[in-house]
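Residue numbers start from 1 in every chain, and the chains themselves are labelled A, B, ... in the order their sequence lines are given, proteins ahead of strands.
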Amino acid sequence: MSLRFSLKKSFPGFDSNVELSAENEMTVLFGPSGAGKSLILKMISGIVRPDSGVICVDGQTVFDSSGGVDIPMRNRKIGFLFQDYALFPHMTVRENIAYGVTSNHKGEKNGRVKELMEIMRLSGLEGSYPHEISGGQKQRTALARTLASEPRLLLLDEPFSALDFQVREKLRADLANIHELFPVTAILVTHDLEEAFMLGQRIAVINGGRFEQVGSREDVFYRPATRNVARFAGTRNIFDGRVAGIRGEEVEIDCPELGVIKTHVPERLGLAGGRPVTFCIRPEEILVIRPDKGLGRVSDNIVEGDILSTTGRGSTHVLHLRAGQAGALLRIELPNFVMRKLGLEAGKRIKVSLKKENIWVIP
Amino acid sequence: MDLFPLYLTIKVSFTAAAFTIAAGLVLARLMAKRDFFAKNIIDTLIMQPLVIPPTVLGYYLLTALGASSPLGRFLERLGIRIVFTWKGAVVASIVSSFPLFAKPALAAFEGVSADLENAARLLGKTEFEVFRTVTLPLAWRGLAAGAVMAFARATGEFGATLMVAGNIPGLTQTMPLAIYDAVQTGNAFAANVMVGVITVFSFAVLYAAGRFSRVRF
């Protein structure tokens with residue numbers, strides 16, 4: 001199963017121009033609100049007509065503006081999980097799921113509904129109405145209804161945004177399992193970083209109606225293609241500098257805020273001396289040097305600074321560090337036990353290392 | 001007592017309500033799902049019968065359907081006579097009751113979430129199936145309430161009916177017209193009975209409409 005699309009759509013003050021192909025995997029469209037994520041799903045499914053472009057599902061062209069192809073929604077065989085699930089309020093859980101079954105054979109239909117209800121852990125709720133069940137149950141009912149129609153492609157529009165924080169994590173794991181059971185091509189839209197990382201085998205980062213990067217989650221998280229991608233992916237430490245020296249793959253960057261920073265840059269980037277560059281390092285990749293141990297073998301990019309504040313975030317703490325010559329602000333994320341062990345608190349002066357291999361130069 | 005006015009009122013109201021509902025459904029459905037240039041104008045036109053005097057409405061219809069108008073002559077050639085027949089009473093009732101059905105019907109259709117209809121389409125349903133299994137069941141309370149109100153309005157039609165159908169006993173005299181006649185001729189008994197029937201009926205209708213429009217979901 002596969003999906004390939006290339007779409008253009010303009011509105012006053014906003015236009016979208018995107019291209020993607022996906023195989024049997026879960027691709028996450030990740031980006032801020034208003035970036036045009038849901039619009040893409042609506043165009044693929046046929047709810048919104050693109051101005052121009054092509055959509056191919058499983059090799060079948062379902063939309064082609066130049067060829068005059070526009071297959072109606074009902075014949076596209078695309079499953080759509082709406083943000084608020086769009087369960088039919090006048091039908092029971094069972095009736096909702098049965099609505100999606102394409103077979104007209106009664107026994108076959110009942111068997112399929114029963115099977116889906118078991119897989120989705122909905123047994124016992126056959127006669128309940130949507131307003132009587134929990135958010136998670138609603139989501140699973142909607143998913144069962146969609147899967148009952150045996151879609152070639154599954155589109156999931158912010159499937160967890162209507163749910164409580166506590167149940168989200170479990171339901172994300174559920175969704176990942178269900179996707180393993182029904183390995184269709186799936187596109188999931190989210191603005192939640194954690195969700196994107198947890199569910200996306202591939203991530204497409206979208207901003208202002210355009211993809212800024214499409215790649216594996218490791219690429220997006222550790223090797224962002226643009227400054228925006230770095231920002232959206234939670235790489236808070238982004239700095240500008242100028243190439244000061246190149247020795248093979250080893251590059252020295254002169255950064256007004258942090259001083260001279262050394263890093264590795266693949267030769268294919270073809271950096272030249274004097275060229276302005278942007279580089280970044282993730283908050284959890286910054287190494288805090290133990291005051292009692294000295295530098296030891298660590299020698300990369302040592303930066304000294306004062307802790308401005310510490311903020312607890314559950315299992316980790318975030319430190320803000322005023323560092324370097326120009327007082328650059330570094331954000332560092334550490335496990336709580338490290339915080340305790342090193343006795344880190346606001347006002348203390350510490351040394352950190354921005355290790356060469358953890359620095360990424362945005363091409 | 002003459003039962004003809006009661007019989008005629010029932011016949012006229014049911015016929016008018018059937019036309020009103022059929023045309024109102026089509027129009028409301030079109031207006032709810034589409035945005036078009038003339039939408040506001042049509043909306044205003046639909047509402048007109050609620051605010052212009054029934055006699056004026058009757059005058060319009062008399063002029064439009066009478067023997068001197070092209071439409072009237074055309075219908076005459078087909079052997080259909082509207083003015084001063086019971087059919088005239090039906091036309092008057094349709095026009096004056098139309099907004100009472102079309103408006104709530106439009107609101108009821110607009111109240112059905114587009115997501116629900118799209119969900120049904122994406123599950124492989126044709127437009128007719130979507131309408132039958134999703135739109136109609138979700139809108140039916142509003143539709144039923146509107147239908148009841150339109151029917152009630154049709155039974156009480158007086159002014160426009162008088163203009164178009166006249167007040168011919170045994171031919172076009174509906175209950176509201178008969179009540180007027182009874183009072184004019186001092187037949188207090190007949191007037192009281194008919195007023196009683198209409199009062200009870202109106203109360204029952206409003207009560208039923210109230211129950212229909214209560215939302216369950």
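The number of heavy-atom neighbours closer than 6.0 Å to OH of B:Tyr207, taken from other residues, nucleotides and ligands shown, is 12 or below. Around atom CZ of A:Arg4, no more than 12 heavy atoms belonging to other residues, nucleotides or ligands sit under 6.0 Å away. Within a 6.0 Å sphere centred on NZ of B:Lys33, other residues, nucleotides and ligands contribute more than 12 heavy atoms. Environment of CG in A:Asn104: sparse, with no more than 12 heavy atoms of neighbouring residues, nucleotides or ligands closer than 6.0 Å. Summarising the local packing, CZ of B:Phe201 is surrounded by more than 12 heavy atoms from other residues, nucleotides or ligands at distances under 6.0 Å. Counting non-hydrogen atoms of other residues, nucleotides and ligands closer than 6.0 Å to CE of B:Met163 gives a total above 12. Counted within 6.0 Å of CZ on B:Phe4, heavy atoms from surrounding residues, nucleotides or ligands total more than 12; the atom is thus considered enclosed. Shown here is A:Lys109, whose NZ atom has more than 12 heavy atoms of other residues, nucleotides or ligands within 6.0 Å.
With sequence neighbours left out, A:Phe5 forms a ring-ring contact (aromatic ring centres under 6.0 Å, His included) with no residue at all.
Residues of residues 142-150 of chain A lying within less than 4.5 angstrom of chain B, judged on heavy atoms, are A:Arg145, A:Thr146, A:Ser149 in numerical order. The contact list for residues 48-83 of chain A toward chain B, using heavy atoms and a distance under 4.5 Å, reads A:Met73, A:Arg74, A:Ile78, A:Phe80, A:Phe82 by residue number. Heavy-atom neighbours of chain B within the stretch residues 180-192 of chain A, taken at a separation under 4.5 angstrom, are nonexistent.
Side chains of B:Leu116 and A:Pro89 form a contact here, defined as non-hydrogen atoms less than 4.5 Å apart.
Heavy-atom distances place no part of B:Ala114 under 4.5 Å from chain A, backbone and side chain included.
Between A:Tyr99 and B:Glu129, the shortest heavy-atom distance links the atoms OH-O, 4.2 Å.
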